[in-house]
Structures are given as C-alpha cells and as structure tokens.
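Shown next, in structure tokens, is the structure this report addresses.
Hydrogens, waters and symmetry mates are skipped; everything else that's a heavy atom, side chains included, is used. Letters A, B, ... are given to chains in the order of the sequence lines, protein chains preceding strands, and every chain is numbered from 1.
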There are 2 protein chains.
Amino acid sequence: MSQTKTPRRTQAERTRASREKIIHSAMESFAQKGFRGAKMADIAQAAGLTGPGLLHHFPSKTHLLMEVLKERDRIHKEQTDETLQKNNNDILEVAAELVEQNQATPGIIQLFNLLVAESISPEHPAHGYFTKRYHNGREAWVQIIAQGQAQGDIRSDISADDLGVLLLAMMDGLQVQWLMEPEKIEMARIFRVFVNLLKNRR
Amino acid sequence: MSQTKTPRRTQAERTRASREKIIHSAMESFAQKGFRGAKMADIAQAAGLTGPGLLHHFPSKTHLLMEVLKERDRIHKEQTDETLQKNNNDILEVAAELVEQNQATPGIIQLFNLLVAESISPEHPAHGYFTKRYHNGREAWVQIIAQGQAQGDIRSDISADDLGVLLLAMMDGLQVQWLMEPEKIEMARIFRVFVNLLKNRR
DNA sequence: GTCTATACCCTGATAGAC
DNA sequence: GTCTATCAGGGTATAGAC
C-alpha cells in the first residue's frame, strides 16, 4: 500500500486530501453559522488539524470561502448538465428533479441560503460572486424557458423573463420553509404542484 | 414648548425617544450585517450615544434583537389587519398589496431575510421566534385561502395547505432577487403575475 | 505540512464617576 | 441616563520549531 519510492507524489496526494477535508468541514460550518459566525479553529478541528495548519492550505478565511463556493459550483454544474441531458429540453422536469436532489443535501442548501442572505451587503466577500451567479443563472433559465414556450410545452401568456424569475423565486422560497420544518414541508412535491401551473394546457 | 412643571414625564419621554432611536438604528445594522455581524458600538453611535449608554436601555444584544422583532411585529400586524379589512376576504389582493408595501421598505425586508436565514440554526437567539412566526403565519394564510376557495375566488385543484406554502414561498423568493437587483426585478408586478395563476378561472 | 505559542484586534459587557 | 475606562473572551493571522 505504501509508496516509499515516490514520496513527492504521496505528499501531493496527502495535501489534496487535506484540502478536501477542510473544504468539506468548512461547508458544514458556513452552513450552520454563516461566513461571519463560523470559526476557523472549529473548521480546522473538524478537518483533523489546528488553525494554523488550516491556514497553510488557505491563506485566509475569505480565500477558504471562495474555494468552498468554487467547489460547490463545480458539483452543481455537473449535476445540472447531467439532469439537463437526461430530460432533453424539458426544463420544467429538470427544475423539479433539481429540487428533488436538493432535498437530499440539506447542508448545502442551508449553506447557500445563508450565504446569499449575508452577501446582499456589498461589503460581504461573496457579494460579487452571488450577484453574478443569480444574474447568469436566471439568464440561462430564461433562455431554456423560451425554448419550451416555442415548443408549446410551457404556457406563453407569461413572458419567459417573468417565468425565469418566478421559477427561481419558488425554488428559493420553498427552501426557507423546508429548512425550518424539514419533516413537514414536502419541498419537492409542492414544487411539482407549482411547476404544473406553468405547463401549457393543451 | 418645554414642560418644566413635569420633569418626571419629560424624563420618561426622553427615555422612550432614546429607545426608539436605538431600535431604529439596530434595525438598520441587523439588516445590513445580521445579528452576528452587527456591532453594538455602531448601533449606539447611529443612535447618538455610546455602547454602555445603549446597554442602559437594553441589557444585552440578544434583548435588543428581541425588542426589534417585537416592534416590527407590531407594525406588521397593524399593516396586515388594515389591508385585510380594506379588501374584505380577497386574500390574493391582500397578499399583492403587502408585497407592494414591502417594496417601499427594503431595509425591513433585508432585515427579515437575513435574520430568517441566520436563525435556522437552532442556537440562534431568534430561532424559536421565527419558527413560530412561520408556522403561525402559514396557518393563518391557509385558513383564509380555504375561505377564498369556498367562495370560488381561488382555484380548488390545489389544497389550501399547499397554496399557503406556495404563496409564502413566492413572497420570500422574490425578495431575494429583488434585494440583489432592486432596479431590475419588479417584485410587486411579478408577484401579481403569480397571484393570477392562483385565481379561479370562472 | 503541521504543530505550539503568541501577537493583536475586535466585541460585548461591567464598574463607577458625573 | 449617559459617559469614560476597562475587562474578559474570543477571533484571525503570524513566527518559528519540528
């Protein structure tokens, strides 16, 4: 098992493993306490090292946050692309499945929910990140919604622009109630009820 | 103008004025930075006094937060009752008008948006407050929605329970996008688009 | 690459004068 | 009722050993 012949590579792998562990525990802490409330020492301890040990991998708390967001984006893009491909162009079904998937990872949802709220302040380190993310994200949805309207799958008495806003808003809004009472609010089911309102009645 | 004859009453009035000033600036700070990010000294300075001066009126930061929430509840209840009375039983119109009113007070909306996100953590001092608030609030909406369904104003192919969740979710979700791009997202107009989806088509 | 020790700042809260 | 001075605690980040 041990690779004594290639210590350099083993070292690099160990570094990578540490970074991943740190990012993972950072996600949990930021989700629970937000960027402002999370403590570096706690994140470090959960990753099996001390504060300074963590700071060897990420030069500051802000840097760590950015890496967390980047990592999450990578996963999210993968997930979305895959779901998009599976349900070719059926944007409403894609949205519904994304909400289903979200329901399996409350930690991540809480993370984004809290960071978005914090980052509305322009001084917040993730302010630019989230404004851009929302802007681009909405634009992407609107594009595909317009396609759905052209194909006759989605009702056309509401503009694609408005539908994009409504779709994102419902995703965000349901998350809040679901995070508060996960046992009571059936997020995915209720989201499908909403989605049905947007379908073109043939 | 000056009431030299009743120093006791003048004193009391001055105290009351101080408390109001403090609560007002606390609202702004909590809205901008959240409970965890807001600094007592800043709140005090914005209210025209020092940290200890503030703490004479509110024994701790948590106490101050609770008073802020109570104060907001008072105003909100007034507003809701008034709007309810004006549009007797037309719950959808009431909701739409509330969103319109919200659009005039971005500070308060940001305050609640951020505090709700923070308070999902069970250790947060406002956790109990917001879980209760959402629970009761939703229950109240559901009741009135059921009335609207019985009268034939609201579509009945979706349960009142689900409609209540959807209505609150859309309010919350639109707020996020609107807070990020106030100039671009026409919250009240788009909410009315949504509300129209819930009306019974006669 | 990770540790111990620590510097240094920030923040909520207290003590006591006025 | 508000101030100045100050404390105690907790936070990020650095220095330097191993």
Side-chain angles (χ1 to χ4, degrees), chain A residues 2-4 6-26 28-30 32-68 118 121 123-126, chain B residues 2-4 6-26 28-30 32-68 118 121 123-126:
Chain A
S2 68
Q3 285 277 37
T4 49
T6 54
R8 201 121 61 185
R9 196 169 179 283
T10 302
Q11 194 76 307
E13 279 175 357
R14 212 173 274 160
T15 296
R16 209 173 135 269
S18 267
R19 282 182 57 102
E20 273 174 21
K21 247 188 168 175
I22 292 168
I23 287 185
H24 186 261
S25 60
E28 286 197 358
S29 274
F30 288 149
Q32 207 62 26
K33 308 273 192 155
F35 176 70
R36 292 191 175 113
K39 290 176 283 190
M40 292 295 268
D42 289 354
I43 295 172
Q45 193 180 6
L49 35 71
T50 60
L54 188 164
L55 286 167
H56 170 73
H57 297 277
F58 305 91
S60 81
K61 194 184 183 183
T62 299
H63 280 82
L64 176 55
L65 171 64
M66 290 313 177
E67 291 302 315
V68 164
E118 269 188 328
S121 257
E123 313 97 79
H124 193 280
Chain B
S2 67
Q3 285 278 37
T4 49
T6 54
R8 200 120 65 184
R9 196 167 180 281
T10 301
Q11 194 76 308
E13 280 176 353
R14 213 172 274 162
T15 296
R16 210 173 134 268
S18 267
R19 283 181 56 101
E20 274 175 18
K21 250 188 168 177
I22 292 168
I23 287 185
H24 188 260
S25 58
E28 286 199 357
S29 274
F30 288 149
Q32 206 64 26
K33 309 270 194 160
F35 176 69
R36 293 191 176 113
K39 289 175 284 191
M40 292 294 268
D42 288 354
I43 296 172
Q45 191 179 6
L49 34 71
T50 60
L54 188 163
L55 285 167
H56 171 72
H57 297 277
F58 306 90
S60 79
K61 195 183 182 184
T62 299
H63 280 82
L64 176 55
L65 171 63
M66 292 311 179
E67 290 303 316
V68 164
E118 268 188 327
S121 256
E123 313 97 80
H124 194 281

Discussion item. Restricting to side chain to side chain donor-acceptor pair (under 3.5 Å), what partner residues turn up for B:Gln45, sequence neighbours left out?
Written reply: none
Discussion item. Please list, in numerical order, the residues of residues 15-26 of chain B that have a heavy atom closer than 4.0 Å to any atom of DNA chain C.
Written reply: none
Discussion item. Show, in sequence, the C-alpha distance, side-chain angles and deciding distance for B:Glu20 and B:His24, and conclude whether the side-chain contact (heavy atoms from CB on, under 4.5 Å) test is met.
Written reply: CA-CA 6 Å; B:Glu20 274 175 18; B:His24 188 260; over 6 Å; no
Response to the item:
Applying salt bridge (Lys or Arg N to Asp or Glu O under 4.0 Å) to B:Lys21 and not counting sequence neighbours gives none
Worksheet item: Quick one: A:Leu64 CG to D:dT12 C1', roughly how many Å, whole number?
Response: 12 Å
Discussion item. Nearest whole Å is fine: how far is D:dC7 C1' from B:Met40 CE?
Written reply: 17 Å
Discussion item. Quick one: does any side-chain atom of A:Ser121 pair with a main-chain N or O of B:Lys33 as donor and acceptor, under 3.5 Å?
Written reply: no
Worksheet item: Just how far, in rounded Å, is C1' of C:dT11 from NZ of A:Lys39?
Response: 14 Å
Worksheet item: Is A:Ala44 touching bases, backbone alone, or none of the nucleic acid, heavy atoms closer than 4.0 Å?
Response: nothing
Item to complete: Carefully, step by step, assess B:His124 and B:Arg36 under the rule side-chain contact (heavy atoms from CB on, under 4.5 Å).
Response: CA-CA 9 Å; B:His124 194 281; B:Arg36 293 191 176 113; 4.2 Å; yes
Fill in: B:Asp42 CG to C:dC10 P, straight-line distance once rounded to whole Å
12 Å
Item to complete: Round to the nearest Å and state the distance from A:Gln45 atom CD to C:dT2 atom P.
Response: 16 Å
Discussion item. Using the rule side-chain contact (heavy atoms from CB on, under 4.5 Å), only one of B:Leu64, B:Leu49, B:Ile23 pairs with B:Ile43; which is it?
Written reply: B:Leu64
Enumerate, atom names and distances included, each donor-acceptor pair closer than 3.5 Å involving a side-chain atom of residues 55-62 of chain B, sequence neighbours excluded.
residue: B:Ser60; atom: OG; partner: B:Thr62; partner atom: N; Å: 3.4
residue: B:Ser60; atom: OG; partner: B:His63; partner atom: N; Å: 3.2
residue: B:Ser60; atom: OG; partner: B:His63; partner atom: ND1; Å: 2.8
residue: B:Lys61; atom: NZ; partner: B:Phe35; partner atom: O; Å: 2.7
residue: B:Lys61; atom: NZ; partner: B:Ala38; partner atom: O; Å: 2.8

Discussion item. Once salt bridge (Lys or Arg N to Asp or Glu O under 4.0 Å) is applied, do any residues pair with A:Glu67, and if so which ones, sequence neighbours excluded?
Written reply: A:Arg19, A:Lys70
Item to complete: Give the rounded distance in Å between these two atoms: CD of B:Glu13 and P of D:dG1.
Response: 12 Å
Worksheet entry | Strand contacts (DNA chain D) in residues 46-62 of chain B, 4.0 angstrom heavy-atom criterion | B:Leu49, B:Thr50, B:Pro52, B:Gly53, B:His56, B:His57
